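Remarks on the structure that follows.
What you see is a predicted model; the values in this text were computed from it and never measured. Throughout, a chain's letter reflects where its sequence line sits, starting with A, and its residues are numbered from 1.
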Protein chains: 2
Amino acid sequence: MSRPPRTRPTLEEVAALAGVGRGTASRVINGGEKVSERARQAVENAISELGYVPNAAARALVTRRTDAVALVIAESEERVFGEPFFAGIIRGIGSALGEVDRQLVLLLAQASQRRGGLDHYLTRQHVDGVLLLSLHADDELPGLIRAHGLPVVVGGRAHEGIRTNYVDVDNVQGARLAVAHLVERGRQRIATIGGPADMAAGSSRFEGYVAALAAAGRELDERLVELGDFSQESGADAMRALLEREPSLDGVFCANDLMAVGALGALRAAGRRVPEDVSVVGFEDAPIATSTHPPLTTVHQSPEQMGREMVALLLETMAAPEQDRPGRMLPTRLVVRASS
Amino acid sequence: MSRPPRTRPTLEEVAALAGVGRGTASRVINGGEKVSERARQAVENAISELGYVPNAAARALVTRRTDAVALVIAESEERVFGEPFFAGIIRGIGSALGEVDRQLVLLLAQASQRRGGLDHYLTRQHVDGVLLLSLHADDELPGLIRAHGLPVVVGGRAHEGIRTNYVDVDNVQGARLAVAHLVERGRQRIATIGGPADMAAGSSRFEGYVAALAAAGRELDERLVELGDFSQESGADAMRALLEREPSLDGVFCANDLMAVGALGALRAAGRRVPEDVSVVGFEDAPIATSTHPPLTTVHQSPEQMGREMVALLLETMAAPEQDRPGRMLPTRLVVRASS
DNA sequence: GACGCTTATGGGAGCGTTCCCACTGCTCAC
DNA sequence: GTGAGCAGTGGGAACGCTCCCATAAGCGTC
């Protein structure tokens, strides 16, 4: 490694030291074909002697590729970082990208006013592809980006209509798992606290709830349905409303863990024992699920795997941008704890 | 905006359309001095008509600045993303960087084997500066990066010896606040569940505990001290050990909220009422602090502000790299809830 | 020994900027 | 009327790399 020279060494200097031409040195660095063993050795020695590191800008200028991928988080800040789900996705994305030597450029598209600059930035001039984390149905960002001709993959569908270039958890299947479990436990009056109807995570989980009931030969009872906004508070509110309207309920499927935590609190406050009187199942398997009282039975999803899948899909799309690719659904599994 | 041309427009084309030279166009874009109003208008019109976006690679090649800052997260993955504290820092960093048009390149330095590539990447060839999130005392990364001549700012000191280029929460002051509060509540036997002694967050908070006791005219009693590793489980273990050894304790200061949650559980299991029999205070004001039973009194720190400070300090350092800058301490405040 | 073919090599051109210098008109003072 | 000074401008050179083409070297074949 020797002492670092005043100015970073260039490829030309490496070539000179190795006693070869610039072209040959370049070939060695880029997994080169057609290079003699002798030349390869000489170049590699020169590289490590000088501590040479290729200049990304110069390379990008000629290849017209930046080897960088943007992760645009267009969710309200509190939500994104409050939810460990997003953190897991980022982790998956980060490591998957690292493995293929791509850089992860993180863009927080927080305030809507910053959207302008964002749009401006998302060009081939800056990144080769975009990963988008946003669950809002009305978001025009995917369209905007695609209009730039940039490959995009969305994590979590905004709504059910989307058919391509997304990776999502199989919410319907997960919800069926949860509700089937409640049925199996002998629960007769199974309620649900759903998420917002305009988010796929909300509507799909509700869809799974209905499907599982149907599979058990039961009909949907509107009186057993209450919607929340995925917050703990809304879960508690919904639970109270359900208890008041339908005191005989003995099972609740919550569309996420946070709402389940709220429901648990409301049940306790109402004097219902969990799981003796009422079984509660959540969705997400967030860390908090293990520390509730009692620990929460929930549907496990792997955010990290989701991140990795997003990267895989994006790399495919970047390799052949012309065609659209079908979305990918990730399986879930039930984790049974003490709340059911 | 018109339909996007087959190939992205270059500065030359903008200049041609505006009827000026390349130099003048460049001057307009870079907040240029010495440009006539007429020329400026012409260039700006041409830019928006062509939808021109400067090519970052070409610019970086000549300016030798990339306008990108790396955020290296050298913590074990579970910890970083499990803790909302880190998420908050990232949010602060992201928005502060966005405001000055710098890109945030996220590097997860997870497995130690990837360290080699990381070191290679962290060069002026790729980023202008580095933000480092790591709390391990033995980490050689800061030194390595600085050896490259790259400006670095560390978030959270690895150990107390570090004097420059860091931003950290004032742990000592926060712990004093917490313990003084317990004293004020009339608690006589105040125990502490500390963090690992080899992390500043652990040792400083313990230091604050000792200082607050001294300020109240009390002596440190080793029997009231137990250390954990910041996990919920370790908090529960420590609490059990303390109760067994010193059943008369009536107050506990936990070095973080997660351990406090564990302690709360152990206290309940032991039949102690909180706060009637024992007051509990945490540190961090994590989201979970509001949903414990009872809600947790804790020391609030602002991770977002910490992120912003890190960016501010890094920008200063980048502007004048030669001199070292003293570290910055962020104040904390006590949030009183029902556990004390 | 000349020819063709393959393999390996050197280096020119060009990627899209910024930097800088030379140049043009002016205005103003003497 | 001349010269100095200045605002405004155009364009050459350079940044460090990859691409590609021309060429050299090696070798088997007729």
Side-chain angles (χ1 to χ4, degrees), chain A residues 5-44 46-47 50-68 101 120-121 123-128, chain B residues 5-44 46-47 50-68 101 120-121 123-128:
Chain A
R6 196 76 214 90
T7 159
R8 306 298 313 176
T10 71
L11 185 59
E12 198 94 38
E13 297 172 54
V14 170
L17 180 60
V20 302
R22 189 170 15 84
T24 301
S26 174
R27 249 163 265 142
V28 170
I29 288 165
N30 305 308
E33 296 287 291
K34 308 203 176 187
V35 178
S36 68
E37 199 47 46
R38 210 177 132 283
R40 176 184 315 281
Q41 272 304 331
V43 172
E44 279 167 359
I47 286 175
L50 294 175
Y52 171 75
V53 177
N55 182 313
R59 180 178 284 177
L61 185 55
V62 34
T63 60
R64 291 148 181 291
R65 302 189 325 138
T66 61
D67 283 338
D101 274 314
H120 197 249
Y121 181 78
T123 314
R124 295 237 183 214
Q125 312 277 7
H126 299 277
V127 292
D128 297 337
Chain B
R6 195 75 214 90
T7 160
R8 306 298 312 175
T10 71
L11 186 58
E12 198 94 38
E13 298 173 51
V14 169
L17 180 60
V20 302
R22 191 172 11 86
T24 302
S26 175
R27 247 162 267 142
V28 170
I29 289 165
N30 304 310
E33 296 287 291
K34 308 204 175 186
V35 177
S36 68
E37 198 47 44
R38 212 176 131 283
R40 177 186 313 281
Q41 272 304 331
V43 171
E44 279 167 359
I47 286 175
L50 293 175
Y52 171 76
V53 177
N55 182 312
R59 178 178 286 179
L61 185 56
V62 36
T63 59
R64 292 152 180 288
R65 302 189 324 137
T66 62
D67 283 339
D101 274 314
H120 198 248
Y121 180 78
T123 316
R124 295 237 183 213
Q125 311 277 5
H126 299 277
V127 293
D128 297 337

Rounded interatomic separation in angstrom, taking [atom1] from [X] and [atom2] from [N]:
X	N	atom1	atom2	answer
A/Glu12	C/dG10	CD	C1'	11 Å
A/Glu37	C/dA8	CD	P	10 Å
A/Arg22	C/dG12	CZ	P	8 Å
B/Leu11	C/dC19	CG	C1'	13 Å
A/Gln125	C/dC15	CD	P	14 Å
A/Gln41	C/dA8	CD	C1'	17 Å
B/Asp67	C/dT18	CG	P	11 Å

Any [X] side-chain N or O less than 4.0 Å from OP1/OP2 of [N]:
X	N	value
B/Arg59	C/dT18	yes
B/Asn55	C/dC15	no
B/Ser26	C/dT18	yes
A/Thr24	C/dG10	yes

Exam field: side chain A/Arg8 to backbone A/Pro54, donor-acceptor pair closer than 3.5 Å: no
Side-chain donor/acceptor of B/Thr66 to backbone N/O of B/His126, under 3.5 Å: yes
Just distance, no hydrogens or angles: give the donor-acceptor pairs under 3.5 Å from side chains in residues 14-24 of chain B, sequence neighbours left out.
from, atom 1, to, atom 2, distance (Å)
B/Arg22, NE, B/Glu12, OE1, 3.2

Residue whose nearest DNA chain D nucleotide is more 5′ - B/Leu61 or B/Gly19: B/Gly19
If you round to the nearest 0.5 Å, how far is [atom2] of [Y] from [atom1] of [X]?
X	Y	atom1	atom2	answer
A/Arg124	A/Arg64	CZ	CZ	11.0 Å
B/Leu61	B/Asn55	CG	CG	9.5 Å
A/His120	A/Gln125	NE2	CD	9.5 Å

Would you mind telling me which of [options] lies closest to the side-chain atoms of [X]?
X	options	value
A/Arg64	C/dG11, C/dC15, C/dT18	C/dC15
B/Thr63	C/dT9, C/dC19, C/dC20	C/dC19
A/Val62	C/dC15, C/dT9, C/dT17	C/dC15

DNA chain D: 5'-most and 3'-most nucleotides touching chain B, 4.0 angstrom heavy-atom criterion: D/dA7 to D/dG16
Touch class at under 4.0 angstrom, heavy-atom based, for A/Ala39 against every strand present: sugar-phosphate
Exercise: identify the closest heavy-atom pair between B/Tyr52 and B/Ile29: CE2-CD1, 3.5 Å
